[in-house]
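Reviewing the structure listed below.
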Amino acid sequence: MRFDYLAPAICAAMAVVPASAEPRHYAFGRTPTEAEIAAENIDIRADGKGLPPGQGSVAQGRDIFAQTCAACHGDNGQGLLSDRLVGGFGTLKDHNPVRTVGSYWPYATTLFDYVRRAMPFNAPQSLTDDQVYAVSAYVLSMNGILPEDAVLNAANLPTIGMPNRNGFISPDPRPDVR
Amino acid sequence: MAGFSVTRRRGLLAGAATLLADRRAAAQEDAPPWMRQQGSPVTTPPYGVPSRHEQTVIRRARVALKFPTASSSGTPLQDLHGIITPNGLHYERHHAGVPTVDPAEHRLLIHGLVDRPLIFTIDDILRFPSISQIHFLECSGNTPEFRDPKPNWTPQDTHGLLSCCEWTGVPLSTLLAEVGVHPSAKWVLAEGADAAAMSRSVPIAKAWDDAIVAYAQNGERLRPEQGYPLRLFLPGFEGNMSIKWLRRLKLGDQPFQTREETSKYTDLMPDGKGRQFTFIMEAKSVITRPAGGQQLRDPGFHEITGLAWSGRGRIRRVEVSTDGGTSWRSASLQEPILPKCLTRFRLPWTWDGGPAALRSRAIDDTGYVQPPREALVDVRGINSGYHFNAQQTWQIAQGGAVSNAV
């Protein structure tokens with residue numbers, strides 16, 4: 001019954017479009033302007049691609065951190081309401097490992113990328129690029145990864161050697177349990 | 001009717017008539033109130049809601065929330081039937097709350113290593129040929145039992161970051177064909193329009209294979225908690241990667257090393273190394289009744305029922321033990337048995353009133369067997385956090401109280 005009813009419709013459709021009803025391109029959507037892409041293109045890769053112009057020093061970052069981050073992450077990044085950001089070196093094999101930006105994160109670029117897109121938690125995307133460089137520099141200096149007088153920019157951020165840079169394995173070794 | 005029967009009986013002995021009247025009055029009082037009056041009119045309310053007697057069937061957060069927008073709530077698996085999760089009960093895991101996105105303003109940008117970058121409105125997306133697939137979605141942090149499991153946990157607590165819906169949208173492969181992907185593209189960055197701008201790198205093979213850019217869920221447009229108006233859906237992969245409120249896809253030649261694939265969603269091994277890019281949710285199962293938090297009333301027949309799933313494909317078999325894993329019996333599997341989808345299993349059981357330990361193990365069509373907890377912890381230790389898929393045991397005490405066997 002159902003097929004009897006549908007069959008003429010299918011034949012009719014095939015008669016109109018003999019081969020395939022699917023065009024090579026649907027041509028829905030439109031070409032974005034360079035400005036539209038730039039506005040959304042916020043990701044920073046591990047090799048630094050995507051880092052914006054600008055710079056920020058550890059000293060500037062100290063003030064920004066005190067004002068905009070410390071309430072949740074602690075004055076010294078030791079963790080308070082939210083994640084600890086500092087220390088934990090050498091604990092990854094321990095019964096209670098401490099995973100922080102310093103002890104666990106493989107790339108400094110991820111810090112810039114994440115803070116710029118998501119922090120401060122109560123006002124994401126409110127910091128200028130210079131402020132993100134500065135506060136990133138401060139978080140890294142609290143971890144002993146950058147000296148007190150460091151100034152971060154697009155050129156030097158990707159060259160920072162993170163302590164746990166080689167701490168990750170892929171591809172996925174599973175299934176690993178039998 | 002009542003008048004007719006009374007009329008017909010007029011002329012009977014007065015005593016008998018009185019008796020009959022008494023009986024009718026009694027009968028009408030026996031009828032439940034909802035049979036003696038009209039019910040609610042249609043469209044009250046226009047969008048239906050569950051019975052007010054089902055108010056305990058709700059999503060719940062397992063722990064007190066310091067940051068309720070960077071948090072999760074679990075599906076009440078113990079109260080559900082079949083395999084489909086109602087939209088209002090789909091688990092939630094957000095990192096910056098549920099944004100209120102205006103569909104008229106929302107755009108999806110696809111760019112990077114492509115021939116023709118394109119930007120789509122929701123109306124554009126709706127014009128493409130569509131697909132509907134029933135799949136589970138599970139947070140890789142589901143079942144937090146590597147450390148410190150609690151005896152009072154229910155299936156909602158242990159396995160509630162798991163749901164299953166029919167997802168409708170455009171195959172991502174269709175959109176990739178539209179933009180023309182460069183051969184050098186190996187990864188796709190997916191990014192959400194929430195206040196976390198949640199971002200993950202998806203391997204290009206998955207993007208071509210079965211990824212969906214979804215706009216509907218169980219027949220209606222996505223719920224805000226599930227990414228309205230647009231989300232990525234990656235069947236069988238850890239839930240975090242199925243980016244909600246999808247606003248951008250960028251093709252690149254390497255992973256983007258976002259916070260959610262370095263700091264989080266990596267599995268720390270006993271040797272101190274973190275496993276990165278562990279995407280697939282391996283085969284797993286859980287008995288949802290009888291289960292933690294429930295109370296068996298009487299000895300005798302009880303149906304053991306639960307859910308099994310695998311991110312690698314279909315469930316081939318589910319085995320159930322009532323003695324904590326010593327002996328096993330095959331459960332019956334409810335059709336349909338779909339790939340990367342929940343499968344409902346059942347086993348009839350007679351409870352003798354004494355202690356028992358109910359446990360299930362799933363076997364998928366790759367032959368993989370869901371491991372016991374000891375085997376999992378033996379390889380991965382207790383700090384890997386994510387992808388805990390070991391067998392779950394519910395302890396039944398003398399008298400019928402059911403708890404999480406820890």
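Letters A, B, ... are given to chains in the order of the sequence lines, protein chains preceding strands, and every chain is numbered from 1.
Interface residue A:Ile42: backbone and side-chain heavy atoms are both found under 4.5 Å from chain B. B:Leu118 touches chain A through backbone and side chain together, each having a heavy atom under 4.5 Å away. For a residue to count as touching a neighbouring chain, one of its non-hydrogen atoms must lie under 4.5 Å from one of that chain's; by this rule B:Ala375 touches chain A with backbone and side chain alike. Heavy atoms of B:Ala390 lying under 4.5 Å from chain A are absent altogether. Of the two parts of B:Thr174, only the side chain, counted from C-beta on, holds a non-hydrogen atom closer than 4.5 Å to a non-hydrogen atom of chain A. Within the 4.5 angstrom heavy-atom criterion, no atom of B:Thr121 approaches chain A. Contacts of B:Ile382 with chain A are made by side-chain atoms alone, with heavy-atom separations under 4.5 Å and no backbone atom involved. Heavy atoms closer than 4.5 Å to chain A are found in both the backbone and the side chain of B:Arg275. At a 4.5 Å heavy-atom cutoff, the contact between B:His387 and chain A is made by side-chain atoms alone. In this structure, the portion of B:Asp271 lying under 4.5 Å from any heavy atom of chain A is its backbone and not its side chain. Interface remark: B:Gln370 contributes no atoms to any contact with chain A (heavy atom separation under 4.5 Å). Proximity to chain B (any heavy atom under 4.5 Å) is shown, for A:Arg117, by both the backbone and the side chain. The parts of B:Phe277 that come within reach of chain A are both its backbone and its side chain, each placing non-hydrogen atoms under 4.5 angstrom from that chain. Both the backbone and the side chain of B:Ile280 come within less than 4.5 Å of a heavy atom of chain A. The part of B:Tyr368 that comes within reach of chain A is its side chain, from C-beta onward, which places non-hydrogen atoms under 4.5 angstrom from that chain. Only the side chain of A:Tyr114 comes within contact range of chain B, judged by heavy atoms closer than 4.5 Å. Only the side chain of B:Arg380 comes within contact range of chain A, judged by heavy atoms closer than 4.5 Å.
Heavy-atom pairs under 4.5 Å with chain B peak, among A:Pro171, A:Pro97, A:Ala27, A:Pro106, at A:Pro97. Contact tally against chain B (heavy-atom pairs below 4.5 Å) for A:Ala118, A:Gly50, A:Ala46: the top residue is A:Ala118. Contacts with chain A were tallied for B:Gly180, B:Ser199, B:Pro255, B:Ala96; B:Ser199 has the most, counting heavy-atom pairs under 4.5 Å. The greatest number of non-hydrogen atom pairs below 4.5 Å with chain A, out of B:Arg312, B:Lys250, B:Glu178, is found for B:Glu178. The candidate with the highest count of non-hydrogen atom pairs below 4.5 Å against chain A, out of B:Val179, B:Asp267, B:Thr278, is B:Thr278. Of the listed residues (A:Val101, A:Leu111, A:Asp113, A:Asn96), the greatest number of heavy-atom pairs within a distance under 4.5 Å of chain B belongs to A:Asn96. Taking B:His95, B:Arg116, B:Met269, B:Arg147 one by one and counting their heavy-atom pairs under 4.5 Å with chain A, the maximum is reached by B:Arg147. The greatest number of non-hydrogen atom pairs below 4.5 Å with chain A, out of B:Glu191, B:Lys66, B:Met198, is found for B:Glu191.
Ring centroids of B:Phe120 and A:Phe28 are separated by 6.0 Å or more, keeping the two rings apart.
Salt bridge B:Lys284/B:Glu282: absent, no basic N to carboxylate O contact under 4.0 Å. Electrostatic pairing of B:Glu138 and B:Arg93 does not count as a salt bridge here, judged by no charged N lying under 4.0 Å from a carboxylate O. Salt-bridge annotation for B:Asp124 and B:Arg107: absent, with no side-chain N of the basic residue lying under 4.0 Å from a carboxylate O of the acidic one.
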- [ ] Give the intermediate values and the outcome of salt bridge (Lys or Arg N to Asp or Glu O under 4.0 Å) for residues A:Asp43 and B:Arg248.
- [x] CA-CA 11 Å; A:Asp43 59 277; B:Arg248 187 164 74 103; 2.8 Å; yes
Open item on the list: Could you go through A:Arg178 and B:Asp378, starting from their C-alpha distance and side-chain angles, then the distance that decides it, and tell me whether this counts as salt bridge (Lys or Arg N to Asp or Glu O under 4.0 Å)?
Closed with: CA-CA 10 Å; A:Arg178 284 168 205 276; B:Asp378 201 42; over 6 Å; no
- [ ] Applying salt bridge (Lys or Arg N to Asp or Glu O under 4.0 Å), run through B:Glu260 and B:Arg200 and close with a yes or a no.
- [x] CA-CA 7 Å; B:Glu260 315 302 333; B:Arg200 287 294 302 260; over 6 Å; no
Open item on the list: Determine whether A:Arg174 and A:Asp172 satisfy the following criterion, salt bridge (Lys or Arg N to Asp or Glu O under 4.0 Å), listing intermediate values before the conclusion.
Closed with: CA-CA 6 Å; A:Arg174 298 175 306 159; A:Asp172 189 350; 2.8 Å; yes
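Here the closest non-hydrogen pair linking B:Arg361 and B:Val369 is CD-CG1, 4.0 Å. When every heavy atom of A:Pro32 is checked against every heavy atom of B:Pro117, the shortest pair comes out as CD-O, 3.1 Å.
Under the 3.5 Å distance criterion, the side-chain polar atoms of B:Thr262 are left unmatched by any main-chain donor or acceptor of A:Tyr107. Looking at A:Trp105, its side chain never comes within 3.5 Å of a backbone N or O of A:Gly102 through a donor-acceptor pair. Side chain of A:Asn153 to backbone of A:Ala155: a donor-acceptor contact under 3.5 angstrom is found.
The aromatic rings of B:His94 and B:Trp245 sit tilted, their planes meeting at an angle between 30° and 60°. Relative ring orientation between B:Phe279 and B:Trp187 is described as perpendicular, the plane-to-plane angle rising above 60° on a 0-90° scale split at 30° and 60°.
Cation-pi check for B:Lys273 over A:Phe168 is not met; the charged atom does not lie both under 6.0 angstrom from the ring centroid and within 45 degrees of its normal.
Under 3.5 Å, the side chains of B:Thr266 and A:Tyr104 contain a donor-acceptor pair of N or O atoms. No hydrogens or angles considered: nothing links the side chains of B:Thr143 and B:Gln392 as a donor-acceptor pair under 3.5 Å.
The contact list for residues 68-87 of chain A toward chain B, using heavy atoms and a distance under 4.5 Å, reads A:Cys72, A:Leu81, A:Ser82, A:Asp83 by residue number.
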